[in-house]
4 protein chains.
Amino acid sequence: MFFASDNASPVPPQVMAALAEANQGYAMPYGNDPIMARVRARIRAIFEAPEAAVYLVATGTAANSLSLAIACPPWGAVFCHRQAHIEADECGAPEFYTGGAKLVLVDGAEGRMTPGALAAAIARTGGSVHGVQRGAVSITNATEAGTVYAPAAVAALTAAAGGLPCHMDGARFANALVASGATPAEMTWRAGIDILSFGGTKNGLLGVEAVVIFDPAKAWEFELRRKRAGHLFSKHRYLSAQMLAYLSDDLWLTLARDANAMAQRMAAGLAAAGVTCDHPVEANILFPRLPRAAHDRLHAAGAAYYPMEALTDDRPALARLVCSWSTTEAEVDAFLALVSG
Amino acid sequence: MFFASDNASPVPPQVMAALAEANQGYAMPYGNDPIMARVRARIRAIFEAPEAAVYLVATGTAANSLSLAIACPPWGAVFCHRQAHIEADECGAPEFYTGGAKLVLVDGAEGRMTPGALAAAIARTGGSVHGVQRGAVSITNATEAGTVYAPAAVAALTAAAGGLPCHMDGARFANALVASGATPAEMTWRAGIDILSFGGTKNGLLGVEAVVIFDPAKAWEFELRRKRAGHLFSKHRYLSAQMLAYLSDDLWLTLARDANAMAQRMAAGLAAAGVTCDHPVEANILFPRLPRAAHDRLHAAGAAYYPMEALTDDRPALARLVCSWSTTEAEVDAFLALVSG
Amino acid sequence: MFFASDNASPVPPQVMAALAEANQGYAMPYGNDPIMARVRARIRAIFEAPEAAVYLVATGTAANSLSLAIACPPWGAVFCHRQAHIEADECGAPEFYTGGAKLVLVDGAEGRMTPGALAAAIARTGGSVHGVQRGAVSITNATEAGTVYAPAAVAALTAAAGGLPCHMDGARFANALVASGATPAEMTWRAGIDILSFGGTKNGLLGVEAVVIFDPAKAWEFELRRKRAGHLFSKHRYLSAQMLAYLSDDLWLTLARDANAMAQRMAAGLAAAGVTCDHPVEANILFPRLPRAAHDRLHAAGAAYYPMEALTDDRPALARLVCSWSTTEAEVDAFLALVSG
Amino acid sequence: MFFASDNASPVPPQVMAALAEANQGYAMPYGNDPIMARVRARIRAIFEAPEAAVYLVATGTAANSLSLAIACPPWGAVFCHRQAHIEADECGAPEFYTGGAKLVLVDGAEGRMTPGALAAAIARTGGSVHGVQRGAVSITNATEAGTVYAPAAVAALTAAAGGLPCHMDGARFANALVASGATPAEMTWRAGIDILSFGGTKNGLLGVEAVVIFDPAKAWEFELRRKRAGHLFSKHRYLSAQMLAYLSDDLWLTLARDANAMAQRMAAGLAAAGVTCDHPVEANILFPRLPRAAHDRLHAAGAAYYPMEALTDDRPALARLVCSWSTTEAEVDAFLALVSG
């Protein structure tokens with residue numbers, strides 16, 4: 001019963017097999033391995049973006065920060081949701097990578113920025129030399145609240161961005177995509193996204209994210225920033241191999257569907273048990289409000305998940321549950337049994 | 001016949017097996033995996049440093065730059081050899097990570113700084129507010145010239161450092177260690193080294209380096225800088241597993257001995273063929289001066305290595321050859337056969 | 001009728017005379033001029049702080065940013081009011097100077113942070129490696145709303161800061177001081193302030209601010225940061241001379257009293273005219289809500305001030321008026337006459 | 001007898017008078033004062049550059065660093081002479097302002113880079129992602145050795161720059177200009193200079209330098225960087241007034257001619273006394289080698305200048321003498337009398 005995060009899961013066998021297969025003989029370093037050429041072609045095909053620049057890094061924070069660094073100058077503002085990972089969970093990496101940009105926080109229910117709030121924040125920013133300037137917009141999909149922006153919602157935000165470069169933090173891109181039924185192109189560049197952090201790690205890889213830059217004008221700058229940050233791997237083939245396996249036979253979509261399905265199973269069970277959740281369950285994360293007794297039983301049984309507030313006898317306390325590709329029905333059912341007592 | 005770099009080699013089976021073994025069930029992320037606890041204990045034992053802080057990152061540039069960032073303030077000078085990797089091959093990563101420190105270049109034959117040249121460079125630096133201040137010393141072992149500092153040579157440099165923090169870039173630490181016959185402690189903290197980039201990637205791992213901080217006062221700062229730079233891995237167990245395999249059964253030493261032995265075999269063969277090398281062959285790198293005809297034969301046969309200067313008919317042209325754990329006697333002998341023509 | 005800002009005023013004759021007097025013969029550069037020694041002694045005496053380090057820079061942004069840079073690491077949070085000058089009016093200078101720290105915005109009526117809101121913001125910050133850490137607190141006095149923290153209010157904030165370094169942005173320190181009746185020591189280090197940006201420019205100088213560091217442990221770091229930022233003046237005597245004149249014969253307090261008195265005269269006149277102001281008028285800034293007709297009359301007469309919202313016929317529109325040492329009763333009365341129509 | 005630096009001199013009466021004249025009534029802040037409009041027009045006329053962007057800052061380090069920051073990316077190399085002020089005397093300001101660029105040092109006799117050495121340094125830089133890229137060239141005129149580049153020498157360097165942006169550190173631009181007999185345009189944009197730090201402080205101002213950007217495409221970026229660095233003055237009129245006085249009636253040229261003439265008088269006297277100098281005396285700096293007895297007499301008489309090496313009885317010891325606009329014939333002659341003993 002592990003629901004603490006999708007970054008604690010193991011790796012599916014196809015990915016391990018791909019690593020083993022890649023481990024033959026010599027391979028040119030620094031992204032010049034032949035597997036990377038196939039990854040690039042595959043991502044361009046999947047995204048219907050034959051000109052896109054495609055790079056691999058090993059962590060989501062690297063993907064996001066390097067993306068923002070080519071989108072926003074040091075004196076720029078990055079507009080993002082108040083709960084965005086780049087604001088709350090990266091120890092200031094965007095500020096470090098951009099050379100000191102400012103994150104301007106936008107509110108919105110269910111983890112989603114509204115176009116109106118985004119437009120208002122942008123309107124308040126810039127103009128005179130005294131304040132930071134409008135820099136870039138970053139949209140997290142799926143959100144930290146476990147909700148999903150449909151392509152139309154993304155397009156509404158990028159329209160509100162008024163021409164600013166738009167980045168999507170897609171650490172859980174696959175979960176959002178299968179939830180929405182959209183194509184990768186519809187969810188990204190057709191909706192106005194310029195740069196995508198295309199997550200792999202939370203969805204089953206050892207540690208690989210792709211950065212997809214739909215307008216490759218800044219590709220060389222990205223390469224220099226990546227190298228300068230120590231995120232260019234010499235034995236790059238082991239990143240490439242993971243990503244190629246991920247993209248083969250729709251593995252990435254299958255893994256995300258499995259994770260989302262477990263979240264739906266959990267949501268249904270919770271509802272049946274009379275437990276309410278704080279946000280719609282649209283991807284692989286749930287925020288149930290569980291009575292203290294349920295927390296106690298789960299804790300005693302060793303269930304792993306994050307409480308989001310202090311436990312009291314007065315009212316149910318919020319918890320966060322994350323399902324992953326490796327979550328089993330048995331795990332979900334065992335959890336639900338403990339909730340019901 | 002691949003001698004272009006030791007970063008193009010595959011990974012030994014013990015490491016792949018360790019990855020597979022680690023891929024079981026859930027594991028706490030961000031370095032809290034149980035394998036990391038074993039890695040930490042093992043490195044402390046190997047280095048006879050029970051208080052050392054030990055961290056893993058995935059690239060040598062990250063290891064070096066994060067190490068320098070905790071050793072040198074933004075207004076400091078990092079003293080290093082003119083050919084040091086941190087100066088020549090990291091696209092300014094030390095400057096980025098330190099917030100703009102200045103690398104002050106020290107000369108010395110065979111890729112080695114001399115204590116006198118180091119002391120002179122330090123003496124010329126700092127004092128008034130107008131120039132950068134004395135910051136840190138970085139010593140590469142094995143050097144970019146393929147030579148090795150013995151512990152006494154390291155100690156002479158750290159003595160010349162006059163109390164400045166001393167970093168060792170040990171991307172090829174194992175190669176230097178087995179060449180010198182020293183213990184890890186003798187080569188590092190007993191010789192005055194404060195922080196070590198303990199390389200794994202060039203010596204057989206997919207992509208892992210340990211940073212060993214002998215005085216752990218700056219450990220928390222290191223953790224924050226690592227996170228902020230996107231170098232803290234969520235699925236950290238896959239780094240830990242590589243490193244644990246590397247340190248088990250002296251695998252790391254065996255791999256380095258194999259690489260160095262192949263370099264010696266090559267050196268002997270070259271000498272027999274009348275080819276001279278630019279630096280003593282002490283680790284796993286050689287710099288032979290090969291006649292144009294030899295270059296042509298090697299090139300035609302598909303041998304991979306870097307020429308270091310333009311080919312002419314006038315004189316032999318310098319080349320760089322790097323052996324790795326996976327270099328075979330057959331590869332070396334085939335190369336030598338082509339040299340002799 | 002100039003009420004747009006206190007940074008558009010001329011300089012009192014005592015300061016110009018001091019410049020002329022300083023302009024004799026040679027003087028050692030870079031802060032080693034003899035006038036600076038007198039400034040240092042004078043500020044230590046005024047603040048009853050014989051150990052304080054004292055430095056001069058030429059702009060408020062430099063004073064604030066350099067102060068924050070020695071108080072907050074790159075991965076730290078600076079807690080400040082949402083309307084603070086460092087957040088809204090310095091184009092990201094704190095982020096630039098700190099190497100990418102994050103400003104965490106604290107709310108509070110009348111431009112003042114409440115201790116509770118500050119403590120809550122601090123409590124939400126830091127702890128794990130994933131977020132930025134608690135760095136420093138910055139308190140603006142007088143505030144951007146023209147209100148003043150009394151020493152007890154400052155002490156309540158520094159208590160809430162829980163040991164974090166506390167900076168005071170005193171661009172209008174003199175205005176706050178004379179409004180409160182406190183001594184400089186009471187308003188600063190006795191109330192828990194560690195570093196003060198002691199403003200001179202808005203209160204009558206050509207362009208000089210002092211940074212007063214009550215605990216001088218970081219004095220040398222400050223000197224290096226100042227030099228590295230290009231804020232160490234070679235012909236420093238001309239900064240020193242301004243500041244010495246400012247501190248002589250209580251000129252700085254007289255100038256501030258004059259500015260505050262004009263604000264009070266304006267406030268009384270506005271109240272008599274039935275105009276309400278948005279914040280208590282405690283220093284030298286007022287925020288009246290003026291009917292459109294009054295705005296139109298003032299505009300036609302060439303009165304200079306900033307409207308803070310669009311004019312409509314529906315309701316009075318907010319304006320900001322700033323008095324300075326050079327504001328005359330005649331200017332105030334002329335303004336009031338136009339308000340009344 | 002003050003020859004320590006030209007930054008310890010007082011300010012000529014015309015400049016003080018201009019300050020007093022500017023000190024009337026209110027003036028718009030932040031460079032919007034009417035005097036600045038006249039400065040801009042005057043500099044454009046003097047440089048025959050009607051499109052040039054013109055900004056004022058208060059220190060040479062600010063002028064240089066902000067100029068380099070718009071010319072060179074964080075991953076770039078700034079090519080400059082080994083003795084350049086930006087390398088030796090600014091505590092790493094260029095690294096700070098550029099976000100971590102690397103200064104690549106070029107050798108050359110008499111303080112002057114040779115085109116060949118510059119071209120070679122550029123040729124060694126960049127190309128692959130592993131090293132820093134070619135960024136900008138910075139040429140100091142007059143040089144730190146007191147020598148001057150004629151326009152043709154500047155043009156030879158900018159040609160060697162191969163299209164890189166070329167900056168001139170003109171802290172002593174006026175001294176170089178009058179020495180060379182060139183026009184401002186010939187010395188700058190007609191010779192391939194893109195950005196000029198046009199010095200005022202060392203040549204008689206309290207503390208003002210102009211940055212002249214001949215191609216204004218980066219003007220807005222400069223304004224943002226200046227503000228963000230705290231180098232935008234609110235009471236900007238006092239900078240403008242200094243610069244306007246400097247440019248009026250050829251004051252700047254007169255001051256420089258006076259300083260250079262005193263250096264020539266000193267050089268002639270030294271030669272007559274049998275003293276040799278290390279570099280040709282072309283501007284306002286001399287490097288004589290003085291016997292110990294002369295040093296002792298000068299020191300006893302209170303002469304201020306910098307010895308550049310330790311005094312010994314064995315041979316004359318190098319000294320640096322700097323003349324300024326305020327140096328008198330009497331000072332020079334008194335110095336010479338002491339040299340002769």
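Since we're looking at a predicted model, the values are computed, not measured. Throughout, protein chains are lettered first and strands after them, A, B, ... in sequence-line order, and every chain is numbered starting at 1.
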Novice: Is the C/F173 ring parallel, tilted or perpendicular to the C/W252 ring (thresholds 30°, 60°)?
Specialist: parallel
Novice: Where does D/R225 contact chain C at under 4.5 Å (heavy atoms): side chain, backbone, both or neither?
Specialist: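 No part of it gets close to chain C.
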Novice: Is the distance between the ring centroids of D/F3 and C/Y26 less than 6.0 Å?
Specialist: no
Novice: Among the options C/G92, C/S5, C/A62, C/A304, pick out the one with the most heavy-atom pairs lying under 4.5 Å from chain D.
Specialist: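 Answer, by heavy-atom pair count under 4.5 Å with chain D: C/G92.
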Novice: What part of D/Y238 gets closer than 4.5 Å to chain C, counting heavy atoms only: side chain, backbone, both or neither?
Specialist: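 Only the side chain of D/Y238 comes within 4.5 Å of chain C.
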Novice: Would you mind checking if D/K227 and C/E90 are paired as a salt bridge, meaning a charged N to carboxylate O distance below 4.0 Å?
Specialist: no
Novice: Using non-hydrogen atoms only, which part of D/N32 is less than 4.5 Å away from chain C: side chain, backbone, both, or neither?
Specialist: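 When you check distances to chain C, no heavy atom of D/N32 falls under 4.5 Å.
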Novice: By a 4.5 Å heavy-atom criterion (distance strictly below it), what part of D/L66 contacts chain C: side chain, backbone, both, or neither?
Specialist: neither
Novice: Quick check on the interface: out of D/A22, D/C91, D/A4, D/P13, who has the most heavy-atom pairs with chain C under 4.5 Å?
Specialist: D/C91
Novice: Please rank C/F96, C/F2, C/Y30, C/F233 by heavy-atom pairs under 4.5 Å with chain D and give me the top one.
Specialist: C/F96
Novice: With sequence neighbours left out, write down each residue that passes salt bridge (Lys or Arg N to Asp or Glu O under 4.0 Å) with C/D33, or none if nothing qualifies.
Specialist: none
Novice: Give, as side chain, backbone, both or neither, the part of D/H236 having an atom under 4.5 angstrom from any heavy atom of chain C.
Specialist: neither
Novice: Counting only non-hydrogen atoms closer than 4.5 Å, does D/S65 touch chain C with its backbone (N, CA, C, O), its side chain (CB onward), both, or neither?
Specialist: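 It is neither, since no heavy atom gets under 4.5 Å.
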Novice: Is it the backbone or the side chain of D/E331 that comes under 4.5 Å from a heavy atom of chain C, or both, or neither?
Specialist: side chain
Novice: If I measure from the heavy atoms of chain D, does C/L239 come under 4.5 Å with its side chain, its backbone, both, or neither?
Specialist: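 For C/L239, there is no contact with chain D at all, as no heavy atom is under 4.5 Å.
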Novice: Only one of C/V211, C/V212, C/V208 passes side chain to side chain contact (heavy atoms under 4.5 Å, CB included) with C/F198; say which it is.
Specialist: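 Testing C/F198 for a side chain to side chain contact (heavy atoms under 4.5 Å, CB included) against C/V211, C/V212, C/V208 leaves exactly one candidate, C/V212.
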